[in-house]
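Residue numbers run from 1 in the order of the sequence given. From a predicted model like this one, the values you see are computed outputs, not experimental measurements.
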Amino acid sequence: MRRSTMLSTLALVAMTAPTFTLASGRIDKGQAIFQQRCGICHSVVVAGGPVLGPTLRGILGRKAGAVPEFKMYSTALAGSNLTWDVKTLDAFLAAPMSKVPGTTMPMPLPDVAERADVIAYLATLKN
């Protein structure tokens, strides 16, 4: 009986847990959140802008630690072997130091909707 109750509970949690898709993000809100919370360290231009973090233009599909002009990647991120897709970026933004222990990225975005919005905005920024 306990096992079936536990399995039922897990199934319910899985069905009601928030899910993220790129389509669920609002680009305009993502741009505003990016400017307020991410733009302090990151730019969305190819060259120039803040130097505390790499440009995030063209991040989707890019290997982590792979912007040649940015020389200050943490060893942890540069050696993470991650490729930034929607799911990986979502997990990283939710808890950067948990996803990549040793990263120097200090700012999580714990809100699911905010992450969806920011990722939807970033997805519009192609190289």
Side-chain angles (χ1 to χ4, degrees):
M1 181 77 172
R2 282 184 74 167
R3 182 178 176 162
S4 65
T5 302
M6 182 171 56
L7 290 175
S8 296
T9 302
L10 288 173
L12 181 60
V13 168
M15 290 186 316
T16 59
T19 57
F20 172 81
T21 64
L22 193 55
S24 67
R26 297 161 298 182
I27 295 166
D28 58 332
K29 290 197 181 263
Q31 183 177 14
I33 294 165
F34 180 90
Q35 290 170 343
Q36 293 167 356
R37 305 217 21 220
C38 312
I40 296 166
C41 297
H42 296 278
S43 74
V44 292
V45 294
V46 174
V51 295
L52 296 175
T55 182
L56 298 182
R57 177 171 288 280
I59 190 169
L60 290 177
R62 183 170 71 207
K63 185 171 170 33
V67 174
E69 299 81 17
F70 187 74
K71 306 294 183 199
M72 299 179 348
Y73 285 107
S74 66
T75 304
L77 191 61
S80 69
N81 292 318
L82 296 176
T83 298
W84 298 121
D85 58 20
V86 171
K87 183 178 177 180
T88 303
L89 190 54
D90 182 53
F92 182 74
L93 291 175
M97 293 178 190
S98 294
K99 180 70 176 171
V100 181
T103 186
T104 55
M105 166 78 170
M107 179 83 71
L109 277 175
D111 183 87
V112 173
E114 286 186 353
R115 286 195 313 275
D117 295 343
V118 168
I119 294 169
Y121 166 64
L122 293 173
T124 68
L125 306 172
K126 311 285 188 216
N127 279 340

Would you mind reporting whether Leu93 and Lys99 have side-chain heavy atoms less than 4.5 Å apart?
-> no

Met72 and Pro54, any side-chain heavy atoms less than 4.5 Å apart | no

Please confirm whether the backbone N or O of Val45 pairs with a side-chain atom of Thr55, one donor and one acceptor, at under 3.5 Å?
-> yes

May I have all residue pairs that pass ring pair (Phe, Tyr, Trp, His ring centres under 6.0 Å) and include part of residues 41-71, sequence neighbours excluded?
-> Phe70-Tyr73

Hey, does Leu60 have a side-chain heavy atom less than 4.5 Å from the side chain of Lys126?
-> no

The side-chain hydrogen bond (donor to acceptor under 3.5 Å, both in side chains) partners of Asn127 (sequence neighbours excluded) come to none

If a pair satisfies ring pair (Phe, Tyr, Trp, His ring centres under 6.0 Å) and one of its residues is in residues 97-117, list it, with sequence neighbours excluded.
-> none

Partners passing side chain to side chain contact (heavy atoms under 4.5 Å, CB included) against Ala76 (at least two apart in sequence or in another chain) = Ser74, Val100

Go through the structure and list residues passing side chain to side chain contact (heavy atoms under 4.5 Å, CB included) with Gln31, not counting sequence neighbours.
-> Gln35, Tyr121

Minimum-distance pair of heavy atoms, taken over all atoms of Val86 and Ile119 = O-CD1, 4.1 Å

Distance (rounded to the nearest 0.5 Å) between Leu82 CG and Leu89 CG | 10.0 Å

For Val44 against Arg57, the heavy-atom pair lying closest together | O-NE, 2.7 Å

Are side-chain heavy atoms of Arg62 and Val67 found at a separation under 4.5 Å?
-> yes

Qualifying ring pair (Phe, Tyr, Trp, His ring centres under 6.0 Å) pairs, either residue in residues 89-113, two or more places apart = Trp84-Phe92

Are any of the side-chain heavy atoms of Leu109 and Arg37 separated by less than 4.5 Å?
-> yes

